[in-house]
Protein chains: 2
Amino acid sequence: MTAARVRSGGRPTLEEVAARAGVGRGTASRVINGSPRVSAHTREAVEAAVAELGYVPNRAARALAGNRTDAIALVVPESESRFFAEPYFSDIVRGVGAALADTEMQLLLTLVGSDRERRRLAQYLTAHRVDGVLLVSVHADDPLPDLLEQLGMPAVMNGRRSATEPLPSVDSDNFEGARGAVEHLVSRGRRSIATITGRLDVYASQRRLDGYRKALADAGHEPDERLIAPADFSEEGGVRAMRELLARRPDVDAVFAASDLMAAGARQVLREAGRRIPDDVALIGFDDSAVARHMDPALTSVRQPIEEMGRAMTRVLLEQIAGESAERQQIVLPTELVVRDSS
Amino acid sequence: MTAARVRSGGRPTLEEVAARAGVGRGTASRVINGSPRVSAHTREAVEAAVAELGYVPNRAARALAGNRTDAIALVVPESESRFFAEPYFSDIVRGVGAALADTEMQLLLTLVGSDRERRRLAQYLTAHRVDGVLLVSVHADDPLPDLLEQLGMPAVMNGRRSATEPLPSVDSDNFEGARGAVEHLVSRGRRSIATITGRLDVYASQRRLDGYRKALADAGHEPDERLIAPADFSEEGGVRAMRELLARRPDVDAVFAASDLMAAGARQVLREAGRRIPDDVALIGFDDSAVARHMDPALTSVRQPIEEMGRAMTRVLLEQIAGESAERQQIVLPTELVVRDSS
DNA sequence: GCGTAGAGTGGGAGCGCTCCCACGATCCGG
DNA sequence: CCGGATCGTGGGAGCGCTCCCACTCTACGC
């Protein structure tokens, strides 16, 4: 034991680990970072020292020296209450957490509400406080994705802005989900199948509408624009849209709503109008939320693999950060129709 | 302009800001950190340089030199699915985010599931990766709070473990919430008022039960243990408990369930038993979740100020970190009875 | 007039790590 | 048997900041 000065209080440093193991700082660093260029004997010695001292690397020092942060940000537009609606947010977070569990990566939660905060966010990223960004609930005209692109910051989006999304993205198969739901209605003998759409400036809404149209076309139904009522994902929107539908096509015998909340609104109107569900009018929602399960009658709904989306986004982002995948991945995950009593 | 070497690519450093403003590094640092010991003239010069260069401090360097991280962790036991149930998680996060918005603090989301991850968490904290910790959904026998206490790490809990919680905590007034709900039932002329409790090793459940008892005692009702059915916050638990209640006291004409989910389970059993809500049996839940709003009939429920709890927790934690408040704050926020059609 | 506060300032010394260069030891082919 | 790879290793030079000591300069007291 030479001059291995043991500090009184604080946590051990790499230097101390090295001293204890009788090696140089560089070698200790190599062991800790899993470099192969270390002899088995030395490795063991260092690992023993780490264990004895209870050494944990100092993140800040690492970040400073290595010019990386080992952290990624989950950026959530707070205004977007849809995203905060259960169980989307929780599930995404859980998926991200699962994918990060075996990693040293930290998850930073960044809520952006006002424009002021949006600017702050740009600073965050400029200041390289994270190695990558997970973006959820992005609008078609959101400047953030392009900003990230310019900065060369690895990023993955949940959903996409258009058919030709340049950024890597993970989305559920909105088209197939909608098509399958409507196909199900057709197979149950429904003739006048309407749809209540989400905001059409959201790409997902477009795709769900496309899927609806495709299913009807495949079934040989005559297209009728009066069966299509645009809304905004909200319950109130569902109420309004259903009223319109009932006025325009009183013979409607099935409704595919692009969200459970809108389906709840539609249900209310149908009930007030004396239509029984599913006897008179079948109803299908989208999201398979708690609302769907507890609605009366229980709502048939299209489930998205939300947690899996969170996992996939994270996986893709980590690959990008590691520089493993040069090509932009566009992942689309399948949905599932959960049939209950309303259809 | 002397030797103010302008680096080609990267982001500007303090040194460069200082050079540009024609001051020393120390002075520039003082301006940026808002020290009063700087002349107005100098301050302006530095601020101008910051603006021109678009300077943003490097977090890692700050953390390393200053031995702090400007980050707090929100620790979420993932196993606790109750917490993930809507809208609790989202609302807490929103509250925390709101309280952090004007701050430089970052929010780290830490999901702990397995025991392995729990150990990792202890390391996180040991490694001082955060300045403070927000703890939610803590069980009575959770070792984490005590660990934090030992480490001297600032921490605030959501809810508390017992009546004599040593750690700072923010909780809703479970006692009053329950008492008010049952009082409401009494005032509506209900005579045989039962309750379905949550897990009784959770302090909140205890308090809700206490509130139930108090309201009945105040109303001069004879206590009857057969009217108390313990469950576990889940819908299935609610089903089982309601069956028991019906068997033990067929004359029950009101049920106060300690969660909306349990109320949903109870509703199902009541309906199967041919009891009308609220005519035959009144029903009240707790949480005022989406389930409550969409239940049929819409469920009367006790709302907790969840977002406000998140804000309060954060406020208390920041004060602790700043060392402003020596005494341990125990904050209790009021609940609100949302009366709907089920009572 | 001189001393003595204090305000305002500059810059050295780290914080704990990674990167990388340089060095000795070992190994191989010719 | 020797030169040149190759492996394993040690440690210097930063990364960009905060902390703090030391210094200058002004204002004021006596």
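So you know, we letter chains A, B, ... as the sequences are listed, proteins then strands, and number each from 1. Keep in mind it's a predicted model, so treat the numbers as computed, not measured.
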Salt bridge check: are [X] and [Y] linked by an N-O gap of less than 4.0 Å?
X: B:Arg11; Y: B:Glu16; result: no
X: A:Glu307; Y: A:Arg311; result: yes
X: B:Glu149; Y: B:Arg161; result: no

Could you pull out the closest heavy-atom pair between A:Arg328 and A:Leu167, with the gap in Å?
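Here A:Arg328 and A:Leu167 meet closest at NH1-CA, 4.1 Å.
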Which atom names give the shortest non-hydrogen contact between A:Val133 and A:Met153, and what distance separates them?
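For A:Val133 and A:Met153, the tightest heavy-atom pair comes out as CG2-CG, 3.9 Å.
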Distance check needed: [N] [atom2] versus [X] [atom1], whole Å only.
X: B:Glu104; N: D:dC17; atom1: CD; atom2: C1'; result: 15 Å
X: B:Asn67; N: C:dA13; atom1: CG; atom2: P; result: 21 Å
X: A:Arg68; N: D:dG16; atom1: CZ; atom2: P; result: 15 Å
X: B:Glu16; N: D:dG16; atom1: CD; atom2: P; result: 8 Å
X: B:Leu64; N: C:dG14; atom1: CG; atom2: P; result: 14 Å
X: B:Arg62; N: D:dG16; atom1: CZ; atom2: P; result: 15 Å
X: B:Ile32; N: D:dT18; atom1: CD1; atom2: C1'; result: 12 Å
X: B:Asp70; N: D:dC17; atom1: CG; atom2: P; result: 13 Å

Contact under 4.0 Å: [X] side-chain N or O vs [N] OP1/OP2:
X: B:Arg25; N: C:dG11; result: no
X: B:Ser29; N: D:dC17; result: no
X: B:Thr27; N: C:dG10; result: yes

Between B:Ser169 (side chain only) and B:Gln330 (backbone N and O only), is there a donor and an acceptor less than 3.5 Å apart?
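No.
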Please confirm whether the backbone N or O of B:Gly310 pairs with a side-chain atom of B:Thr314, one donor and one acceptor, at under 3.5 Å?
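A pair under 3.5 Å: yes.
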If you fit an axis to the five pairs at each end of the helix from C:dG1-D:dC30 to C:dG30-D:dC1, how big is the angle between those two axes, to 10 degrees?
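Answer for the end axes of this duplex: 40°.
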Starting at the 5' end of DNA chain D and moving along, which residue's nearest nucleotide shows up first, A:Ala61 or A:Val23?
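Residue closer to the 5' terminus by nearest nucleotide: A:Val23.
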Can you sort out which residues in residues 33-45 of chain A have a heavy atom within less than 4.0 Å of DNA chain D? Ascending by number, please.
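Under 4.0 Å from DNA chain D: A:Arg37, A:Val38, A:Ser39, A:Thr42.
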Given DNA chain C, 5'-ward residue of the pair A:Gly26 and B:Arg30, judged by closest heavy atom:
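Taking each residue's closest nucleotide, the earlier one in sequence belongs to B:Arg30.
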Is any side-chain heavy atom of A:Met105 less than 4.5 Å from a side-chain heavy atom of A:Ile321?
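Yes; the side chains approach each other to less than 4.5 Å.
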With a cut-off of 3.5 Å and sequence neighbours excluded, list every side-chain donor-acceptor pair involving residues 46-60 of chain A.
{"residue": "A:Glu52", "atom": "OE1", "partner": "A:Arg20", "partner atom": "NE", "Å": "2.7"}
{"residue": "A:Glu52", "atom": "OE1", "partner": "A:Arg20", "partner atom": "NH2", "Å": "2.4"}
{"residue": "A:Asn58", "atom": "OD1", "partner": "A:Ala60", "partner atom": "N", "Å": "2.8"}
{"residue": "A:Asn58", "atom": "OD1", "partner": "A:Ala61", "partner atom": "N", "Å": "3.0"}
{"residue": "A:Arg59", "atom": "NH1", "partner": "A:Asp70", "partner atom": "O", "Å": "3.1"}
{"residue": "A:Arg59", "atom": "NH2", "partner": "A:Glu104", "partner atom": "O", "Å": "2.2"}

